[in-house]
Amino acid sequence: MKSKLISPFARLVHLYWRFSRGLTLGVRAVVIDGEGRVLLVKHRYIPGWHLPGGGVEPGETLVEALTRELAEECGVEPLSPPALHGVFYHPAFSRRDHVALFVVRAFRRTESIPRNLEISDHGFFPLDSLPEDITVGTEARIAEVLSGTRPPERW
């Protein structure tokens, strides 16, 4: 299911989503399994490996959005309330974007992962062997969680 090309349709949907809202709020998670590996995803519309997550929809809480996104993108279901690591201003694509980052250590894998137009690949990676094309922000957030460092205000 790996794809190196970004679908024009996926890019268009993402751009519409980004700019059709006055302020965007997203959620992401540092999901760490019992073997000390971290869950990362590859999107079809931007390069590199990222933490799983996505936008908060109208009527959703942050945790509801995170739970939905983890199920949709990776087939992961948190078993206990995720811990909030920080809330970040994330102006990479829009000056309107904010992201709440959670830590998930207790979870189960669901039996199936729905087909997803947004995610081209996902997997667990050892913390001492992260992919070369991991994004700078993703790597920084993982390091903060592992070290207990106070996060900055900007992604």
Side-chain angles (χ1 to χ4, degrees), residues 1-7 10-11 13-15 17-18 21 24-58 60-94 97-147 151-152 154-155:
M1 187 158 134
K2 291 183 182 182
S3 171
K4 293 188 179 192
L5 297 176
I6 297 170
S7 155
R11 187 183 304 259
V13 168
H14 181 71
L15 286 173
W17 181 86
R18 281 271 184 206
R21 292 167 163 81
T24 56
L25 178 60
V27 290
R28 291 199 180 271
V30 176
V31 179
I32 302 172
D33 72 6
E35 298 177 34
R37 301 175 303 170
V38 66
L39 179 61
L40 299 174
V41 299
K42 258 198 178 196
H43 297 272
R44 294 184 190 278
Y45 51 85
I46 51 175
W49 287 93
H50 301 262
L51 296 168
V56 178
E57 296 296 333
E60 281 185 318
T61 68
L62 295 174
V63 172
E64 288 169 345
L66 183 69
T67 300
R68 176 182 50 76
E69 289 288 346
L70 289 174
E72 289 175 0
E73 292 182 357
C74 311
V76 166
E77 178 186 348
L79 296 176
S80 60
L84 180 63
H85 174 68
V87 178
F88 302 83
Y89 173 56
H90 190 353
F93 299 103
S94 167
D97 202 18
H98 294 77
V99 176
L101 179 64
F102 291 88
V103 179
V104 175
R105 294 183 187 269
F107 63 92
R108 74 176 185 94
R109 301 293 305 263
T110 59
E111 302 222 355
S112 66
I113 301 169
R115 275 192 65 126
N116 192 312
L117 294 175
E118 181 184 8
I119 302 300
S120 64
D121 198 8
H122 72 279
F124 282 90
F125 294 86
L127 293 167
D128 61 354
S129 184
L130 296 173
E132 286 186 23
D133 58 341
I134 189 172
T135 65
V136 172
T138 298
E139 193 168 25
R141 302 298 79 83
I142 294 168
E144 291 161 12
V145 166
L146 296 176
S147 68
R154 294 174 183 264
W155 189 264

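Computed from a prediction, not measured in an experiment: that's the story for all the values here.
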Report task. Measure the CZ-CG distance between Arg44 and Asp121 for me, rounded to the nearest 0.5 Å. Result -> 9.5 Å
Report summary line: Sorted by chain and residue number, the salt bridge (Lys or Arg N to Asp or Glu O under 4.0 Å) partners of Arg154 (sequence neighbours excluded) come out as none
Query raised in the report: Just wondering, do Val30 and Val38 contact through their side chains at under 4.5 Å, heavy atoms?
Result: yes
Query - Arg68: salt bridge (Lys or Arg N to Asp or Glu O under 4.0 Å) partners, not counting sequence neighbours - result: Glu60, Glu72
Query raised in the report: Just wondering, do Leu66 and Thr61 contact through their side chains at under 4.5 Å, heavy atoms?
Result: no
Report task. Apply side chain to side chain contact (heavy atoms under 4.5 Å, CB included) to the pair Leu146 and Leu127, showing each step before the final yes or no. Result -> CA-CA 9 Å; Leu146 296 176; Leu127 293 167; 3.8 Å; yes
Report summary line: In this structure, CH2 of Trp155 is separated from CZ of Arg141 (nearest 0.5 Å) by 5.5 Å
**Report entry** 4.5 Å side-chain heavy-atom contact, His85 and Phe102
**Finding:** no
Query raised in the report: Quick check: are there more than 12 heavy atoms from other residues, nucleotides or ligands sitting under 6.0 Å from CG of Leu117?
Result: no
Report summary line: In this structure, CZ of Arg105 is separated from OG of Ser80 (nearest 0.5 Å) by 10.5 Å
Query raised in the report: Do Pro151 and Leu101 have side-chain heavy atoms sitting under 4.5 Å apart?
Result: no
Requested in this report: Return the set of residues passing salt bridge (Lys or Arg N to Asp or Glu O under 4.0 Å) with Glu77 (not counting sequence neighbours), or none when no residue passes.
Outcome: Arg108
**Report entry** Any residue meeting side-chain hydrogen bond (donor to acceptor under 3.5 Å, both in side chains) with Asp128, in chain and number order, not counting sequence neighbours
**Finding:** none
Report summary line: For Leu84 and Ala100 the tightest heavy-atom approach is CD1-CB, 4.2 Å
**Report entry** Of Leu70, Val31, Leu39, the residue whose pairing with Phe107 passes side-chain contact (heavy atoms from CB on, under 4.5 Å)
**Finding:** Val31
Query raised in the report: What residues, two or more places apart in sequence or in another chain, satisfy side-chain contact (heavy atoms from CB on, under 4.5 Å) together with Thr138?
Result: Leu40, His50, Leu51, Ile134, Thr135, Ile142
Query raised in the report: Can His122 and Glu73 be said to form a side-chain hydrogen bond (donor to acceptor under 3.5 Å, both in side chains), step by step?
Result: CA-CA 8 Å; His122 72 279; Glu73 292 182 357; over 6 Å; no
Report summary line: To the nearest 0.5 Å, atom CG of Leu25 lies from atom CG of Leu62 at 5.5 Å
**Report entry** Residues Asp133, Lys42: salt bridge by 4.0 Å N-O rule
**Finding:** yes
Query raised in the report: Quick one: are His43 and Ile119 in side-chain contact, heavy atoms under 4.5 Å?
Result: yes
Query raised in the report: Ring centroid separation for His90 and Phe88, is it under 6.0 angstrom?
Result: no
Query - Under the salt bridge (Lys or Arg N to Asp or Glu O under 4.0 Å) test, residues paired with Glu132 that sit two or more places apart - result: none
Query raised in the report: Under a 4.5 Å cut-off applied to non-hydrogen side-chain atoms, are Glu35 and Pro126 in contact?
Result: no
Query - side chain to side chain contact (heavy atoms under 4.5 Å, CB included) between Arg37 and Phe125, worked out - result: CA-CA 5 Å; Arg37 301 175 303 170; Phe125 294 86; 5.7 Å; no
Query raised in the report: Which value, rounded to the nearest 0.5 Å, describes the distance between Leu130 atom CG and Glu139 atom CD?
Result: 6.0 Å
